[in-house]
Amino acid sequence: MLTEVNPGFHAWHVWCDHQGVSHQKKEWLDDFKLITFIKGMASVWQSGPRDDATGVVFLSLVPGQEYEWHENPVLQWIVPIVGRWFVTTMDGVRVEMGPGEISFGADQNCQLIEGRRGHLSGAVGSEPAVIMLIQVASNPFEVV
């Protein structure tokens, strides 16, 4: 029995505007379709497929360490596995995330403004934050 119609989920989108300033915004992804994923099993809602992954990396962020201003090196999904981490964009918005929340890093080509470019990030609290980066070739969000 299907309990969800047209499911979706929120993801934080870190991006750079036309003036070279980074921002982050909560976006809604809802491109799910009802499919038979495995023959003989009940149908499931699937988003994608997203077949443009170029790499998977795991990072452990050191508690108390704030990582300097930087851009995401490539387009990437950032998925917290353990602990909490934060992202502060050039517009001053700070977002903290933990397991069950995700972010999409697309702040490449920001301008250097008053010593800031891209975003700051780091672990929140006294425990390491382990994050998984799924690097991809395309951006699922349109910047308006």
Side-chain angles (χ1 to χ4, degrees), residues 2-38 42-144:
L2 297 175
T3 60
E4 197 168 9
V5 177
N6 298 325
F9 63 94
H10 282 108
W12 286 99
H13 178 206
V14 177
W15 56 281
C16 189
D17 68 19
H18 298 297
Q19 286 76 43
V21 176
S22 64
H23 305 272
Q24 51 191 322
K25 175 182 172 187
K26 195 177 258 191
E27 302 273 10
W28 182 251
L29 286 176
D30 61 358
D31 65 341
F32 287 81
K33 294 180 180 146
L34 193 59
I35 65 147
T36 300
F37 190 69
I38 299 174
S43 296
V44 296
W45 290 98
Q46 176 184 310
S47 175
R50 302 196 192 297
D51 55 1
D52 65 345
T54 60
V56 176
V57 176
F58 293 87
L59 299 178
S60 182
L61 306 180
V62 177
Q65 175 67 53
E66 183 174 87
Y67 297 94
E68 295 93 26
W69 287 97
H70 62 284
E71 299 172 329
N72 284 281
V74 296
L75 296 172
Q76 57 191 3
W77 290 100
I78 302 132
V79 183
I81 304 296
V82 175
R84 295 188 60 77
W85 76 299
F86 76 90
V87 176
T88 302
T89 44
M90 295 167 68
D91 61 2
V93 174
R94 177 184 165 117
V95 173
E96 294 184 6
M97 290 166 268
E101 301 172 279
I102 64 174
S103 178
F104 186 77
D107 62 350
Q108 296 80 22
N109 302 312
C110 288
Q111 295 296 315
L112 180 62
I113 300 172
E114 298 176 3
R116 301 176 300 161
R117 176 182 287 151
H119 63 276
L120 287 172
S121 60
V124 174
S126 60
E127 300 296 322
V130 178
I131 57 176
M132 177 174 59
L133 309 176
I134 304 168
Q135 299 172 334
V136 296
S138 63
N139 187 339
F141 302 107
E142 267 187 53
V143 177
V144 178

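Only a predicted model underlies this, so the values are computations on that prediction, with no experimental measurement involved. One-based numbering along the sequence shown.
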| request: Kindly write out the residues that satisfy side-chain contact (heavy atoms from CB on, under 4.5 Å) with Val82, not counting sequence neighbours, or none if the list is empty. | output: Val130
| field | Non-hydrogen atoms of Ala123 and Leu61 that approach each other most closely | value | CB-O, 3.8 Å
| request: Flag the pair Val62 / Tyr67 as yes when at least one side-chain heavy-atom distance between them is below 4.5 Å, and no otherwise. | output: yes
| message | Could you report the tightest heavy-atom contact between Leu59 and Leu133, atom names first, then the distance? | response | CD1-CD1, 3.6 Å
| query | Would Ile131 and Met97 satisfy side-chain contact (heavy atoms from CB on, under 4.5 Å), going step by step from the backbone distance to the final call? | reply | CA-CA 10 Å; Ile131 57 176; Met97 290 166 268; over 6 Å; no
| Where do Trp85 and Pro80 come nearest, in terms of heavy atoms and distance? | NE1-CG, 3.5 Å
| With side chains defined as the heavy atoms from C-beta onward, is the minimum distance between Ile78 and Ile102 less than 4.5 Å? | no
| said: Which residues pass the ring pair (Phe, Tyr, Trp, His ring centres under 6.0 Å) test with Trp12, not counting sequence neighbours? | reply: none
| message | Are more than 12 heavy atoms, taken from residues, nucleotides or ligands other than Glu114, located less than 6.0 Å from that residue's CD atom? | response | no
| said: Side chains of Cys16 and Asn109, heavy atoms from C-beta outward: is any pair under 4.5 Å? | reply: no
| request: Would you check if Glu71 and Arg117 make a side-chain contact, meaning some heavy-atom pair closer than 4.5 Å? | output: yes
| field | Donor-acceptor under 3.5 Å (Ser22 side chain, Met90 main chain) | value | yes
| Is there a side-chain contact between Asp107 and Trp15, using heavy atoms and a 4.5 Å cut-off? | no
| query | Looking at side-chain heavy atoms only, is the closest gap between Asn72 and His119 below 4.5 Å? | reply | yes
| query | Within the distance-only criterion (no hydrogens, no angle test), does the side chain of Glu66 pair as donor or acceptor with the backbone N or O of Leu120 below 3.5 angstrom? | reply | no
| Backbone N/O of Pro63 and side chain of Glu127: donor-acceptor pair under 3.5 Å | no
| query | Do the side chains of His23 and Val93 get nearer than 4.5 Å, heavy atoms only? | reply | no
| field | Geometric class of the Phe32/Phe9 ring pair [parallel <30°, tilted 30-60°, perpendicular >60°] | value | perpendicular
| message | Quick one, Val95 and Lys26 - any side-chain contact, counting heavy atoms below 4.5 Å? | response | no
| To the nearest 0.5 Å, what is the distance between NZ (Lys25) and OG1 (Thr89)? | 13.0 Å
| task | State, to 0.1 Å, how close Ser103 and Val14 come at their nearest heavy-atom pair, and which atoms those are. | result | OG-CG2, 3.7 Å
| request: Would you check, one step at a time, whether the test salt bridge (charged side-chain N to carboxylate O under 4.0 Å, His left out) holds for Arg84 with Glu101? | output: CA-CA 10 Å; Arg84 295 188 60 77; Glu101 301 172 279; 3.7 Å; yes
| message | Tell me the closest heavy-atom pair linking Ala11 and Phe141, and the distance in Å. | response | CB-CZ, 4.3 Å
| field | Trp69 six-ring centre to Arg116 NZ/CZ under 6.0 Å and within 45° of normal | value | yes
| request: Would you give the length of the straight line joining atom CD of Gln19 to atom SG of Cys110, rounded to the nearest 0.5 angstrom? | output: 11.5 Å
| CA sep, side-chain torsions, deciding dist, call: Lys33, Gln46, side-chain contact (heavy atoms from CB on, under 4.5 Å) | CA-CA 5 Å; Lys33 294 180 180 146; Gln46 176 184 310; 5.9 Å; no
| Thr54 side chain vs Ala137 backbone, donor-acceptor pair below 3.5 Å | no
| remark: What one should report as the nearest heavy-atom pair of Glu68 and His70 is O-ND1, 2.6 Å
